[in-house]
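Bear in mind that the values here come from a model prediction, so they are computed numbers and not experimental data. Here is how names work: the chains are called A, B, and so on, in the same order as the sequence lines, proteins then strands, and each is numbered from 1.
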Protein chains: 4
Amino acid sequence: MIVHLKKGITKKEYDEINEYLLNQDIKVQDISDEKDSKLLLSGSFDRSLLERIYSFDAVLDAKKIRTPYQKVLKINNEKKSIKLPYNNEINENNFIIIAGPCSIESKESLTKIAIEVKKAGANFLRGGAFKLRTSPYSFQGLQEEGLKILHEVGKKLELVTVSEITSISQIDLFIKYVDIIQVGARNMYNYELLKELAKVNKPILLKRAFSATIEELLLSAEYLAEHGNTDIILCERGIRTFNEDIRNTLDLGGVIRLKELTFLPVIVDPSHASGRYEMVPKLSKASLAAGADGLMIEVHDDPLNALSDGAQSLKINKFHKLMDDLKKASSIFDKKI
Amino acid sequence: MIVHLKKGITKKEYDEINEYLLNQDIKVQDISDEKDSKLLLSGSFDRSLLERIYSFDAVLDAKKIRTPYQKVLKINNEKKSIKLPYNNEINENNFIIIAGPCSIESKESLTKIAIEVKKAGANFLRGGAFKLRTSPYSFQGLQEEGLKILHEVGKKLELVTVSEITSISQIDLFIKYVDIIQVGARNMYNYELLKELAKVNKPILLKRAFSATIEELLLSAEYLAEHGNTDIILCERGIRTFNEDIRNTLDLGGVIRLKELTFLPVIVDPSHASGRYEMVPKLSKASLAAGADGLMIEVHDDPLNALSDGAQSLKINKFHKLMDDLKKASSIFDKKI
Amino acid sequence: MIVHLKKGITKKEYDEINEYLLNQDIKVQDISDEKDSKLLLSGSFDRSLLERIYSFDAVLDAKKIRTPYQKVLKINNEKKSIKLPYNNEINENNFIIIAGPCSIESKESLTKIAIEVKKAGANFLRGGAFKLRTSPYSFQGLQEEGLKILHEVGKKLELVTVSEITSISQIDLFIKYVDIIQVGARNMYNYELLKELAKVNKPILLKRAFSATIEELLLSAEYLAEHGNTDIILCERGIRTFNEDIRNTLDLGGVIRLKELTFLPVIVDPSHASGRYEMVPKLSKASLAAGADGLMIEVHDDPLNALSDGAQSLKINKFHKLMDDLKKASSIFDKKI
Amino acid sequence: MIVHLKKGITKKEYDEINEYLLNQDIKVQDISDEKDSKLLLSGSFDRSLLERIYSFDAVLDAKKIRTPYQKVLKINNEKKSIKLPYNNEINENNFIIIAGPCSIESKESLTKIAIEVKKAGANFLRGGAFKLRTSPYSFQGLQEEGLKILHEVGKKLELVTVSEITSISQIDLFIKYVDIIQVGARNMYNYELLKELAKVNKPILLKRAFSATIEELLLSAEYLAEHGNTDIILCERGIRTFNEDIRNTLDLGGVIRLKELTFLPVIVDPSHASGRYEMVPKLSKASLAAGADGLMIEVHDDPLNALSDGAQSLKINKFHKLMDDLKKASSIFDKKI
């Protein structure tokens with residue numbers, strides 16, 4: 001940590017800080033030059049020091065210079081591989097496609113969509129059973145019944161299933177019915193939930209909150225990795241900016257940066273990033289070109305009558321077209337679909 | 001809802017949209033002029049129509065024109081009053097001060113701080129027992145033990161107690177030990193938690209997420225108000241912006257706007273908004289001047305050794321000074337402390 | 001325009017608003033329903049009405065519903081083509097590459113870079129002569145001398161030249177020496193400059209300010225189009241968000257949206273968007289995949305000793321590699337390099 | 001500067017960086033610990049090194065640790081005083097009020113407003129003559145005629161005049177007619193203009209761009225201070241955030257921070273910050289309470305028919321009421337109006 005001292009502090013103030021630090025076995029090195037007064041701290045201390053040190057009136061500024069997420073950090077260019085049912089694998093060479101409706105509405109409707117998802121060449125089926133809606137007056141999902149439907153349809157068609165968990169109390173249900181447990185953007189900061197999921201032996205799909213920095217996303221992943229399970233898939237889904245014209249701003253630079261910092265796979269959700277199905281195909285191809293490891297796309301056979309997210313769901317025929325385009329492009333970008 | 005149609009759409013496209021809407025008993029009025037093609041919809045439909053309507057290729061844009069939170073909306077300038085233990089009341093005329101440490105660390109330390117809080121003239125004691133920390137390696141709170149300490153100290157000194165809940169499973173504990181249940185910024189979008197709290201018969205202090213719009217905050221309050229309990233206190237605590245120099249940007253304009261839109265009381269947390277104790281006194285006075293109904297301030301007798309948020313906690317003597325200043329200023333702004 | 005009235009206004013207030021509007025020959029239609037009180041205005045009025053109308057205490061809200069940029073708006077899917085020296089053309093089918101150093105440093109160094117740019121297959125040479133630097137102590141450019149060098153090198157190698165103008169007083173110089181005049185992000189709001197450039201008969205490359213909405217960018221383009229010259233190339237170069245980890249957030253969704261709204265070509269500057277050369281290749285390919293019409297890339301033969309923007313300049317060999325990758329990918333995305 | 005190296009770099013890479021730096025007489029100190037590899041640089045180098053150093057593949061990160069604005073930096077708590085006509089002075093003890101219409105519309109109308117401004121107790125008259133409008137179709141100001149009117153009215157009523165300059169070519173006119181030259185938010189990054197104004201011997205009112213960091217604002221002030229004239233008044237007027245509900249987000253925390261970092265006076269423009277006159281009084285009082293040195297407020301005798309910014313202009317009677325409230329409150333906050 002670098003501690004920047006104010007100009008014109010007294011010797012007494014200077015000594016107090018030094019004494020405080022030395023008493024905690026922190027090594028202090030004065031690295032001031034003619035313009036600025038600075039201390040370099042090393043040794044063993046936790047993040048709270050960054051806050052406590054400001055209590056000294058003489059401190060102008062303090063900056064940490066050590067990476068706070070060590071368990072999900074890429075060190076020697078290691079590559080992560082996550083094995084999944086039906087011989088699927090998430091790794092550096094594959095570009096995975098997770099597709100399906102926003103909400104599971106009925107067995108019949110999910111089956112219809114899942115058959116097309118499979119036919120188009122995607123191996124992962126998504127579907128929401130517990131919905132978090134901004135308005136208390138919106139459709140809240142089929143709940144346990146929805147998970148059962150997802151499980152059955154996935155098993156029958158040999159599709160890996162993905163669904164979003166919204167509360168600790170649902171964990172047992174998700175272990176029973178779902179292959180990949182999704183933590184939605186709104187729960188990325190729900191550390192109580194993350195702590196419980198750290199104990200679960202299933203891959204976790206962790207979505208970036210629309211307000212989260214890269215570091216915060218990796219710190220949430222660190223919560224999941226706490227007990228050694230690093231079967232974590234990160235998902236960028238757009239961040240909130242002043243740009244009101246589009247629902248969110250897809251941060252592909254963030255995807256590239258994440259791939260530099262961590263060995264975890266990173267996928268993109270172009271449906272939530274844009275909020276409009278018309279933008280999904282182009283954002284999907286851009287994600288492939290930017291080096292993402294896959295996509296999560298909302299698809300519906302009848303978006304006009306979908307119970308949620310109709311505006312951003314691709315119709316079946318447009319999804320087939322997109323899959324064709326992605327397959328053509330993937331070899332150029334050294335990925336296999 | 002206003003639906004903006006694209007230029008040059010065909011008559012068939014136009015008719016399809018109209019038919020779709022009429023079939024749902026939605027009244028459609030064509031309000032096009034020479035420059036733009038627009039439909040005005042009225043009747044009974046829910047928010048999902050805003051999404052579904054985009055499925056028509058002919059739709060350029062759709063905007064809702066009705067307020068989605070009806071239970072917390074101010075209509076005839078009604079005034080809210082919330083009665084609390086020890087003859088305290090939150091209302092238009094009072095300016096309440098909630099003060100105390102970020103985390104409860106021990107009975108001894110909390111008592112020491114609480115005595116000073118009381119002496120300074122504040123009637124509400126805050127203290128965290130379940131802490132949500134960005135890093136899994138930070139102090140996570142005393143949990144149930146902490147709540148008990150808070151309860152005892154509050155009772156002894158006749159201070160209304162406030163503490164943050166972080167999970168549904170803690171609700172019974174909070175009902176037993178705490179006077180006002182706080183929903184932290186990170187849980188403002190945790191609708192599962194809000195739905196459960198809607199059934200609880202205690203005042204709720206709802207903090208704005210640092211990424212939340214005014215509308216989203218009011219929609220979360222609407223979740224709480226679902227069963228008719230509108231004993232809700234809103235709290236602005238800074239939003240995330242590009243301005244990296246300060247931890248968050250305190251949005252006093254947002255406070256003013258909230259007071260226009262809802263009858264709920266709105267307080268400010270200047271400690272989290274700034275992240276630095278040095279800024280707290282000025283932001284506190286500015287909040288009073290802007291028309292807020294109170295403050296929540298972090299105070300510690302020994303911030304240097306606090307287990308969390310040391311940087312933003314006021315020392316006791318500075319808190320006394322601030323309270324003196326606020327008392328002097330309050331009459332100018334028609335508030336009573 | 002839709003004017004939303006407050007609840008519980010008096011008949012007198014209602015009548016005053018109506019009278020005020022009718023006196024200006026504005027047609028007023030009451031489109032209230034049981035929940036909300038609303039007026040729909042039509043006829044001829046300018047944007048200032050949106051501001052003036054708020055002067056009535058009875059007005060809650062007012063929203064314009066007409067597109068304010070008519071000269072750069074795409075109506076019937078028209079396609080823009082801009083003819084340029086040496087048989088170059090910007091149009092729907094081409095993917096143009098503008099490359100070169102941030103600043104022109106000497107004739108020798110520019111020539112060296114330009115030869116490689118040409119060899120790699122790019123037809124446009126960029127180079128800054130008048131530099132806008134955040135700090136007054138940074139290198140400010142070779143000025144007129146720089147433009148002359150750019151002109152000579154461009155002519156010799158048959159490369160279309162692009163340079164940034166920073167002041168009205170430079171217009172004559174730019175007309176003389178430069179093929180495409182660039183308006184930098186910091187000058188997108190400099191309407192005095194735009195008004196003067198509207199009279200110039202050269203293509204203008206207009207960069208989006210890092211704080212600009214899509215509508216503001218199109219309104220700035222409208223200033224340029226004022227006298228009928230719509231030879232305008234828009235350029236997305238990243239927006240400022242809370243995401244401090246990367247210099248700017250490249251908004252590819254914004255590029256897609258722009259292509260929907262306007263017939264103007266839209267290119268991307270991945271160098272400024274990221275601030276780090278390592279991210280440039282992936283962002284470049286993503287831009288191609290997202291449907292952009294070209295790129296502007298900073299290239300330097302010796303970035304280590306560049307006088308500006310060293311961190312984001314690609315070395316020659318990396319630029320060649322990128323051009324190879326783009327050529328391979330372009331046919332997949334129906335573009336010609 | 002601290003340079004953070006990547007993990008696992010080779011000795012050769014390490015030596016290359018060191019050699020490069022030493023060759024430029026930069027002192028390098030290895031401050032690595034068991035977890036991270038870091039170099040501390042000192043000596044004489046400019047900001048461009050921060051960019052150039054990234055050209056080494058081995059560099060993970062580089063951070064400057066020296067303040068880049070030395071001429072406007074507060075060092076020993078020095079206090080700035082700016083003397084102005086009619087015995088006015090801007091200093092730590094005064095709270096100045098600049099009031100007047102957005103645009104100067106006619107001599108008659110300006111006089112009418114100015115008389116009220118004076119009567120209410122304000123000593124500074126604002127009025128725009130050259131208007132920067134987002135839309136090319138909005139009113140663009142009375143130009144030179146406007147400045148003359150402002151000059152005459154100011155002289156007659158003994159009010160210090162303030163008006164916004166929008167182009168270098170207007171400088172002579174402003175020197176002749178205006179007491180304080182305002183640089184608007186859109187021109188804060190217009191360094192060509194700032195460089196020319198640095199040579200002018202008049203106080204400059206520099207508004208923060210709605211997208212500017214605190215550091216960028218101070219760097220723009222540094223441009224003005226280049227030749228030693230530090231008669232600069234900074235003005236916060238709201239920043240652009242995701243918060244669409246209000247035009248801008250007033251950053252009072254930024255005001256407090258500026259007052260810590262620089263000796264320059266800092267005032268607030270609550271009219272542009274909110275965009276709605278109804279919010280102006282509360283934001284004004286909050287600014288006083290937060291420690292600002294004054295306000296710039298838009299006032300109009302007939303906002304309904306104002307040619308610009310009607311929505312945010314206070315009517316005369318509301319301005320009188322606000323001035324009364326501010327006078328009452330000012331003594332509490334140790335300021336004189």
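Of the atoms belonging to D:Ala209, not a single heavy atom falls under 4.5 Å from chain C. Neither the backbone nor the side chain of D:Phe130 comes within contact range of chain C; no heavy atom of the residue lies under 4.5 Å from a heavy atom of that chain. For C:Ala212, the part lying near chain D is the backbone, with the side chain staying farther off; criterion is any non-hydrogen pair under 4.5 Å.
In this structure, D:Gln312 and D:Arg247 have side chains that are in contact, with non-hydrogen atoms separated by less than 4.5 Å.
No other option in D:Tyr69, D:Tyr20, D:Tyr223, D:Phe210 has as many heavy-atom pairs under 4.5 Å with chain C as D:Tyr223.
Each of D:Ile214, D:Asp269, D:Leu218 was compared with D:Arg208 under the side chain to side chain contact (heavy atoms under 4.5 Å, CB included) criterion, and only D:Ile214 meets it.
Of all non-hydrogen atoms in C:Glu236 and C:Thr249, the two that sit nearest each other are OE2-O, 4.1 Å.
Taking D:Phe319 as the reference, nothing meets the ring-ring contact (aromatic ring centres under 6.0 Å, His included) condition, with sequence neighbours excluded.
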